[in-house]
2 protein chains.
Amino acid sequence: MGKIEDAIQQKEFKDPFNKAVVNLLYTHSYLVTSQNSLFKPYDISPEQYNVLRILRGQNGKPTTVSSIQDRMLNKMSNASRLVEKLKLKGWVKRTECPSDRRQVDVLITDEGLELLKTLEKLVEESNIRVVNLEVEEAIQLNELLDKLRG
Amino acid sequence: MGKIEDAIQQKEFKDPFNKAVVNLLYTHSYLVTSQNSLFKPYDISPEQYNVLRILRGQNGKPTTVSSIQDRMLNKMSNASRLVEKLKLKGWVKRTECPSDRRQVDVLITDEGLELLKTLEKLVEESNIRVVNLEVEEAIQLNELLDKLRG
DNA sequence: GAATTATAAATGTATATACAAATAATGTAA
DNA sequence: TTACATTATTTGTATATACATTTATAATTC
């Protein structure tokens, strides 16, 4: 029984909206815990992985730090520091943008692409396992989440 | 248009399960951002608030650190340090448990209860506003999330 | 009862989030 | 062109998560 009431030992909630917020926070923790253990052996965090995915999505075009920030799952995160970590591990390159020297062009390296290819397969398989829903239910969940934020 | 594809500028997903994971991570960030700004003026974080709520749920009975940990939304969090922060602000008291000196009894103070009363009202109202769903949809979302983790 | 094992809590360290402030380069208006 | 505002990025600092380790106490097994 995966009911949220049991999981956090809270008998009742003010209303379904308040329950949904708590349920989302708890489910987030469930997902992130699973992701962390998946990424652990590869010396990369889920957030760093997400940045690599954004960079590859640009198909070889360099991307600025602020453009990465815009696409991140957590808008309050810090793309600048994540890029720095990725650079230290050789998965991205950072060059000054010639047309606007305030900007920094970030590009995924071949090593980064290689790592991403390996990880992406693992993540995709793991997500299917970790989300214990039927296809129709997953679609419905996406619709509800999109509307929730609306 | 609150669609996740637009929000993070990603055109397509491998499947509805993978999309749901991304959607949940993004929605979590949306919720937490809102919570943070709500709590900011009161010098308390959402996590600390959650610990206060757990303590009040015990109806005056003291609660051990590990019992708090069990009820937290994020099981990987660190109840010991959160309790320490709350103690510094005078919202909880910490006493050695007489029957087992390894344990620590944590008790919410009157100031803590007072703060909680104020905050809870704000949080409950905010959650209703922030979750842009009908009652039936919120119920459905809770069911899907419970099943997802199942 | 001494040695071992188990449990509760605290601590150490790395990563990330949250948000303000600093720095640097560009754009614009006087 | 100087002054001012805007934008891109970095940096500073506090909080929290993640996970391993340490410390203290209690329970157990020999």
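Below, chains carry the letters A, B, ... as their sequence lines are ordered, and counting in each starts from 1. Hydrogens, waters and symmetry mates play no part in the numbers below; they use all other heavy atoms, side chains included.
Taking NZ of A/Lys61 as the reference point, atom OG of A/Ser67 lies at 9.5 Å (rounded to 0.5 Å). Separation of atoms OG (A/Ser80) and CD (A/Gln69) is listed at 8.5 Å; rounding is to 0.5 Å.
For the pair B/His28 NE2 and C/dT17 P, the computed distance is 11 Å after rounding to whole Å. B/Leu38 has its CG atom 12 Å from the P atom of C/dC19, to the nearest Å. Following rounding to the nearest Å, B/Tyr30 (OH) and C/dA18 (C1') show an atom-to-atom distance of 18 Å. Between the C1' atom of D/dT6 and the CG atom of A/Asp100 lies a distance of 12 Å, rounded to the nearest Å. The CG-P distance, from A/Leu25 to C/dT17, rounds to 16 Å in whole Å. Atom CD in A/Gln35 sits about 18 Å away from atom P in C/dT15, given to the nearest Å. Taking atom NZ of A/Lys40 as the reference point, atom P of D/dA18 lies 12 Å away to the nearest angstrom. Atoms CZ (B/Phe39) and C1' (C/dC19) sit 17 Å apart, rounded to a whole Å.
Using a cut-off of 4.0 Å between Lys/Arg side-chain N and Asp/Glu carboxylate O, A/Lys19 and A/Glu5 are scored as salt-bridged. With salt bridges taken as basic N to acidic carboxylate O contacts below 4.0 Å, none links A/Glu120 and B/Lys14. Salt bridge annotation for B/Glu84-B/Arg94: present, with a cationic side-chain nitrogen under 4.0 angstrom from a carboxylate oxygen.
A residue-by-residue look at B/Ser99 and B/Asn74 shows that B/Asn74 has its nearest nucleotide of DNA chain D further toward the 5' end. Heavy-atom distances to DNA chain C give each of B/Ser37 and B/Ser67 a nearest nucleotide, and the one nearer the 5′ end belongs to B/Ser67.
Within the 4.0 angstrom heavy-atom criterion, only backbone atoms of the sugar-phosphate kind lie near A/Thr64; the bases stay farther away.
Of the listed nucleotides (D/dC19, D/dT9, D/dT25), D/dT9 has the atom at the smallest distance from the side chain of A/Gln103.
Contact of B/Arg101 with D/dT25 (side chain to base): no donor-acceptor pair of N or O atoms is detected under 3.5 Å. In terms of polar N and O atoms assigned as donor or acceptor, the side chain of A/Arg102 never comes within less than 3.5 Å of the base of D/dT9 in a complementary pairing.
Cluster membership check: B/Val135 shares its hydrophobic cluster with A/Leu148, using side-chain heavy-atom separations under 4.5 Å among Ile, Leu, Val, Met, Phe, Trp and Tyr. Hydrophobic clustering keeps B/Met76 apart from B/Leu73 (ILVMFWY residues linked when any side-chain heavy atoms are closer than 4.5 Å, directly or through intermediates).
Taking a 4.0 Å limit (strictly below) on heavy-atom distances, residues 75-98 of chain A reaches DNA chain D at A/Asn78, A/Ser80, A/Arg81, A/Arg94.
Side-chain nitrogen and oxygen atoms of A/Ser66 include none within less than 4.0 Å of the OP1 or OP2 phosphate oxygen of D/dT7.
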